[in-house]
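Below is one structure; the comments refer to it alone.
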Amino acid sequence: MYNVDISPAANAVLEDYALRCLTDNGEECALRLMDSFDEKLSYLETTPMIGCARLRYIPAKYRVLNFWPHLWLVFQVKEWDKCVKIEYIIDDRQNYGDFLK
């Protein structure tokens with residue numbers, strides 16, 4: 001079992017999107033977003049290598065995992081610590097290339 005650590009930056013992006021879902025589409029949408037996020041966290045706890053590196057501009061040290069339409073977790077697996085560190089949440093509709101360099 002791996003520990004999943006979420007950076008403050010990733011957490012802030014998640015909170016922003018949850019608030020947008022709540023404001024634009026209602027509580028049910030925001031709850032579905034959070035449920036999807038929690039589901040992916042549970043996957044990462046047991047099988048951290050499920051992510052891929054298929055997004056453009058993602059450095060090789062990261063893996064990515066889609067958890068909501070257009071939203072991706074960007075993370076590193078630290079085998080020696082049995083830890084998955086989620087460093088970013090990115091929206092694939094935005095220019096995230098310079099952000100990750």
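Nothing fancy with the numbering, it's 1 onward along the sequence.
- Following chains of ILVMFWY side-chain contacts shorter than 4.5 Å, one can reach Leu33 starting from Leu41, so the two form part of one hydrophobic cluster.
- Between the side chains of His70 and Asp92, at least one donor N or O lies within less than 3.5 Å of an accepting N or O.
- Counted within 6.0 Å of OH on Tyr2, heavy atoms from surrounding residues, nucleotides or ligands total more than 12; the atom is thus considered enclosed.
- From Arg32, atom CZ reaches atom CH2 of Trp68 across 5.0 Å, with rounding to the nearest 0.5 Å.
- Formation of a donor-acceptor pair under 3.5 Å by the Arg63 side chain with backbone atoms of Val77 is not found in this model.
- For the pair Tyr88 and Tyr62, the tightest heavy-atom approach, listed with the atom from each and the gap, is CE1-OH, 3.5 Å.
- For Ser42 (side chain) and Glu39 (main-chain N/O), a donor-acceptor pair under 3.5 Å exists by modelled atom type.
- Under a 3.5 Å cut-off, the side chain of Thr47 and the backbone N or O of Tyr43 do form a donor-acceptor pair.
- Between the CE atom of Met1 and the OG1 atom of Thr46 there is a distance of 7.0 Å, given to the nearest 0.5 Å.
- Partner of Phe75 under the side chain to side chain contact (heavy atoms under 4.5 Å, CB included) criterion, out of Ile6, Val64, Leu65: Leu65 alone.
- For the salt bridge (Lys or Arg N to Asp or Glu O under 4.0 Å) test, residues two or more places apart in sequence or in another chain that qualify with Asp16 are Arg20.
- Closest non-hydrogen pair, Val84 versus Pro48, comes out as CG2-CB, 3.5 Å.
- In this structure, Asn66 contributes its side chain and Leu71 its backbone to a donor-acceptor pair below 3.5 Å.
- Rounding to the nearest 0.5 angstrom, the gap separating the CD atom in Glu27 from the CG atom in Leu22 is 7.0 Å.
- Tyr17 and Met34 fall within the same hydrophobic cluster, defined by Ile, Leu, Val, Met, Phe, Trp and Tyr side-chain heavy atoms under 4.5 Å apart, directly or through other members.
- Clustering ILVMFWY residues whenever any of their side-chain heavy atoms sit less than 4.5 angstrom apart, transitively, puts Ile50 in the very cluster that holds Phe67.
- Rounded to the nearest 0.5 angstrom, Asp35 CG and Leu31 CG are separated by 6.5 Å.
- With sequence neighbours left out, the side-chain hydrogen bond (donor to acceptor under 3.5 Å, both in side chains) criterion links Asp38 to no other residue.
- Every residue two or more places apart in sequence or in another chain that forms a side-chain hydrogen bond (donor to acceptor under 3.5 Å, both in side chains) with Lys85 is listed here: Asp5.
- Heavy atoms only, all atoms of each residue included: Cys21 and Cys29 are closest at SG-SG, 3.4 Å.
- Linking ILVMFWY side-chain heavy atoms closer than 4.5 Å, directly or via other members, places Ile89 and Val4 in a single hydrophobic cluster.
- Side-chain atoms of Asp81 do not come within 3.5 Å of backbone N or O of Cys83 as any donor-acceptor pair.
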*asked:* What verdict does the side-chain contact (heavy atoms from CB on, under 4.5 Å) test give for Leu44 and Leu73, after you've listed the backbone C-alpha separation in whole Å, the side-chain angles of each residue and the deciding distance to 0.1 Å?
replied: CA-CA 11 Å; Leu44 289 172; Leu73 302 172; 4.1 Å; yes

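- Using a 4.5 Å heavy-atom threshold, the side chains of Gln76 and Glu87 count as touching.
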